[in-house]
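What follows is a single structure, written as structure tokens, with notes after it.
Chain naming here is simple, since letters A, B, ... match the order of the sequence lines and numbering starts at 1 in each.
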Amino acid sequence: MAQVTLTFPDGNSKSFDAGVTPAEVAAGISNSLAKKAISATVNGAHWDLQWPIDADASIAIHTMKDEVQANELVRHDMAHVMARAVQEIWPATKVTIGPVIDNGWYYDFDRAEPFTPEDLSLIEKKMKEIINKRDPVTTEVWERDRAIEFYKANNEPYKVELIESIPGSEPIRMYWHGHWQDLCRGPHLQHTGQLPGDTFKLMSVAGAYWRGDSNRPMLQRIYGVAFTSKDKLKAHLTMLEEAAKRDHRKLGREMDLFHFEEHAPGSVFWHPAGWRVFQTLIAYMRRRQDAAGYIEVNTPDIMDRALWETSGHWFNYMDNMFLAKTHDDRDYALKPMNCPGHMMIYNHALRSYRELPMKISEFGKVHRYEPSGALHGLLRVRSFTQDDAHIYCTPEQLTDECLKVNDLILSIYKDFGFEDVHVKLSTRPENRIGSDESWDLSEGALKTALDRAGMSYTIFGGEGAFYGPKLEYVLRDAIGRDWQCGTLQVDYNLPERFGSTYVTQSGEKQAPVMLHRALFGSLERFTGILIENWEGKLPFWLAPRQVVVASITSEADDYVAEVVAALTAAGVQAEVDIRNEKINYKVREHSLAKVPVILAVGHREVDERTVTVRRLGEKQTSVVSLEQAVADFSRDATPPDLLTAAE
RNA sequence: GCUGCUGUAGCUCAGAGGUAGAGCACUCCCUUGGUAAGGGAGAGGUCGAGAGUUCAAUUCUCUCCAGCAGCACCA
């Protein structure tokens, strides 16, 4: 019989009969390893213990101690065990797919009746029974036709479709968990008893389209999480609770920042405190853009259909537009984007190459009729304010301008504490306009800019806008969640559609290239992200209420007013609290409202002209003079861009 | 938009086929208290909207609206 040489992680190698399985290899090492083994890595591929090895290879046997492999197997086997449990309880249920995802798995089912929350505990119970049975996991490779016939006979049409979509070069692998069978690429554990019975939890049921296609049937998806130990499950559930505490919708209510109404779904009612944050952001961005040579404009919210036909929105973006028909029977639309308005301003004069690059910015409020199910607090709304700008430049200036935008974006994110930024580059889609040459140029400009900036990026082929490729800036927050904010897009198309030109040095008319860019993206969304990132405890300069001056006794009321006046004059958002309440009560209330600083004043402070400073989250207080406090908080209230300028 | 769930006081939530309750918040009174809830009293609701069943609907049924989770879509 032919021999194969297997090399172990320690560098030793050994000869085996060809077709040996990792299970046999493990058994050759020790009985306990044979029992504990869960899978192997063979030549870098995650390998089932039952799969034969036909050629020389490196091999590593895994146990539950190998976190990466253990998690994958536990979650994958859990998916199968859950599907088996569901089919044992409701035999008519059809199975589809059940992949491993972050922290767990899901499995999609086709069943007429909806699963209820009570059903989940029923399924969990059945899963534990199955795990306790310690049923062996077995696998075979089948002929394609045999597998298709098998699933047709078993009335599992989704499996038939899956097999038909598996490339001919790949084996059709069948798995059994006891008597229960599934089509699966594996690998899997040795038997269900290797699953920890108390480290998983079924989380939720939701609809999901078959194959992610909204034209196809909606299935029922059950989500579960699973870990290799009980502690890790617990830690995960705790993390979910922590994330829930950061929910900006909850914090927005508690901090009295904004609210929503039924009659304006997806549109924000900004309260004074929230609007202050919003305006602080705009003021900051306006300074940064002014410094970077942008010119700010304002364009109409409602414009005639003809303009939207020229821009292409009327036919390409209609589903997302709010329309308005007027008494004179004209069709108007609320602007979903600012670009056509900026085209009007660019085109209003004969432009010279001397004016380029021309950077037209606008804090324009755009309206988009988003699908109802997409709305989500401030993060996904139907009307929002963009820190939008369009840069008109010559083809030669393109790369430089991209680079400048990139630099500006990173510098701005840094000021907000976001240093972990990732870039997605979306390239030409199938449905596109413009020549391949222009796409080469615009994609090249973005790539060159990124390379020159030393940025790493991920390419998403075919994901670009129909008129040009785009960069998307994704930032990672304090608890590791990713948020897409800024965008930079190259566009050769709109200038052409609007007949935009500039006069070159040699006196000819030429079409400019146009960049679309937004740095915060949506001000609403960015505000929501900041709230979640800081758990409502915004940095002092962004905090809507920066200082509350609280009296301990009513005899300090006049002094409280004096302190607040001094702070206000120094540019600090300061408030009076001289209510007839104890200082404990006031401290609690303002702490819950995430006010960064509470100044307590009683007899002592009045006599000594001091304040007692208590910062949010600190038990320790300190006493400083009124002058010192005004200086300190005035500096704290200064936005980071102005601080740098002053130093 | 799709699937499922939810909608009762400003907020968080009980409740029941016979037109509603708690805690916090709010108002007033007492209390002037030194760093996360002092005490008392009071006021506050067309029970998301419309239709149907019923002697009677906030409760049951249907439709619509909004919210939540996920999918699809996306800043």
Side-chain angles (χ1 to χ4, degrees), chain A residues 106 108-111 113-117 119 203-223 247 249-250 253-254 256 259-266 319-320 336-337 366 368-388 463 465 470 472-474 483-487 489 516 518-526 528-529 550-557 578-593 598-605 612-623:
Chain A
Y106 65 78
D108 288 349
F109 299 97
D110 184 4
R111 172 172 176 246
E113 290 74 38
F115 292 112
T116 66
D119 289 342
M203 303 298 286
S204 60
V205 194
Y209 296 110
W210 169 233
R211 311 217 111 181
D213 184 343
S214 56
N215 297 313
R216 310 206 61 182
M218 174 139 304
L219 308 169
Q220 296 188 64
R221 173 172 299 178
I222 303 180
Y223 284 91
D247 191 318
R249 295 165 299 185
K250 178 173 164 282
R253 202 166 37 235
E254 289 171 3
D256 195 18
H259 83 276
F260 291 89
E261 296 273 341
E262 303 200 353
H263 292 113
D319 288 350
N320 285 295
M337 297 183 193
V366 294
R368 299 182 186 174
Y369 187 77
E370 300 290 346
S372 57
L375 303 180
H376 185 94
L378 296 177
L379 301 181
R380 192 74 184 275
V381 292
R382 282 185 175 153
S383 53
F384 59 100
T385 308
Q386 287 183 312
D387 58 329
D388 203 3
E463 298 280 304
K470 60 181 177 184
E472 277 159 341
Y473 288 79
V474 180
W483 306 95
Q484 190 175 308
C485 293
T487 178
Q489 306 173 10
H516 305 243
L519 310 188
F520 289 147
S522 144
L523 267 299
E524 282 76 0
R525 176 159 222 264
F526 197 75
I529 292 168
S551 59
I552 291 169
T553 153
S554 58
E555 286 167 45
D557 287 0
I578 53 170
R579 291 174 302 167
N580 177 14
E581 295 292 350
K582 292 193 171 177
I583 193 65
N584 290 315
Y585 183 92
K586 296 181 184 181
V587 165
R588 175 181 153 82
E589 187 174 284
H590 301 306
S591 297
L592 286 174
I598 299 168
L599 299 184
V601 302
H603 289 122
R604 273 206 308 270
E605 290 79 3
T612 298
V613 181
R614 183 189 163 116
R615 290 185 184 270
L616 183 58
E618 292 176 17
K619 268 216 131 42
Q620 199 72 28
T621 60
S622 61
V623 180

Quantified in whole Å, what is the [atom1] atom distance between nucleotide [N] and nucleotide [M]?
N	M	atom1	answer
B:rG15	B:rA75	P	43 Å
B:rG21	B:rU54	P	30 Å
B:rA14	B:rG7	P	8 Å
B:rU59	B:rC47	C1'	9 Å
B:rG18	B:rC30	C1'	43 Å
B:rG17	B:rA56	C1'	8 Å
B:rG4	B:rG40	P	49 Å
B:rA25	B:rU12	C1'	11 Å

Inset, instruction - Give A:Arg253 one of three labels, base, sugar-phosphate or nothing, depending on what nucleic acid heavy atoms sit under 4.0 Å from its own. - result: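 Contact class for A:Arg253: sugar-phosphate only.
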Without decimals, in angstroms, what is the distance between [X] [atom1] and [N] [atom2]?
X	N	atom1	atom2	answer
A:Arg604	B:rG34	CZ	P	10 Å
A:Arg111	B:rG4	CZ	P	12 Å
A:Asp256	B:rG10	CG	P	15 Å
A:Arg579	B:rU32	CZ	P	18 Å
A:His263	B:rC64	NE2	P	17 Å
A:Asp110	B:rC2	CG	P	18 Å
A:Glu262	B:rG50	CD	P	12 Å
A:Phe115	B:rU3	CZ	P	17 Å

Inset, instruction - Would you please test A:Thr612 and A:Glu605 for side chain to side chain contact (heavy atoms under 4.5 Å, CB included) and show each step? - result: CA-CA 7 Å; A:Thr612 298; A:Glu605 290 79 3; 2.5 Å; yes
Legend entry - Summary of protein contacts for nucleotides 35-46 of chain B, nucleotide by nucleotide, where a base hit scores B, a sugar-phosphate-only hit scores S (4.0 Å, heavy atoms): BBBS--------
Legend entry - Base versus backbone protein contacts along nucleotides 69-75 of chain B [heavy-atom cut-off under 4.0 Å; B, S, -]: SBBBBBB
Taking any strand in view, what nucleotide pairs with [N] in a Watson-Crick or G-U wobble way, both distances under 3.5 Å?
N	answer
B:rA56	none
B:rC13	B:rG21
B:rU63	B:rA49
B:rA69	B:rU3
B:rC28	B:rG40

Inset, instruction - Considering only NZ, NE, NH1 and NH2 on the basic side and carboxylate oxygens on the acidic side, decide whether A:Asp247 and A:Arg249 come within less than 4.0 Å. - result: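 The answer is yes: the pair qualifies as a salt bridge.
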Legend entry - Enclosure of A:Glu261 CD (heavy-atom neighbours >12, cutoff 6.0 Å): yes
Inset, instruction - Consider only side-chain N and O atoms of A:Gln489 and A:Thr487, and report whether a donor and an acceptor are under 3.5 Å apart. - result: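 Side-chain D/A pair, A:Gln489 to A:Thr487: present.
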Inset, instruction - Please lay out, stage by stage, how A:Leu378 and A:Arg525 fare under the test side chain to side chain contact (heavy atoms under 4.5 Å, CB included). - result: CA-CA 5 Å; A:Leu378 296 177; A:Arg525 176 159 222 264; over 6 Å; no
Inset, instruction - Identify the heavy atoms of A:Leu599 and A:Val613 that sit nearest to each other, and give their distance. - result: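 Closest approach of A:Leu599 to A:Val613, heavy atoms only: CD2-CG2, 3.6 Å.
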Inset, instruction - Determine, step by step, whether A:Arg382 and A:Ser372 satisfy the side chain to side chain contact (heavy atoms under 4.5 Å, CB included) criterion, reporting the C-alpha distance in whole Å, the side-chain angles of both residues, the deciding distance to 0.1 Å, and the verdict. - result: CA-CA 9 Å; A:Arg382 282 185 175 153; A:Ser372 57; 3.9 Å; yes
Inset, instruction - Using a 4.5 Å cut-off on heavy atoms from C-beta on, say whether the side chain of A:Leu523 contacts that of A:Phe384. - result: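 Side chain of A:Phe384 against side chain of A:Leu523, heavy atoms only: no contact under 4.5 Å found.
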Inset, instruction - Carefully, step by step, assess A:Ser591 and A:Leu616 under the rule side chain to side chain contact (heavy atoms under 4.5 Å, CB included). - result: CA-CA 6 Å; A:Ser591 297; A:Leu616 183 58; 4.1 Å; yes
Legend entry - Exam field: side chain A:Gln220 to backbone A:Arg111, donor-acceptor pair closer than 3.5 Å: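 The answer is yes, because a donor-acceptor pair under 3.5 Å joins these two groups.
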Legend entry - Heavy-atom donor-acceptor pair, A:Glu524 side chain to A:Thr385 backbone, under 3.5 Å: yes
Inset, instruction - Would you indicate, yes or no, if B:rU32 has its OP1 or OP2 atom less than 4.0 angstrom from a side-chain nitrogen or oxygen of A:Ser554? - result: no
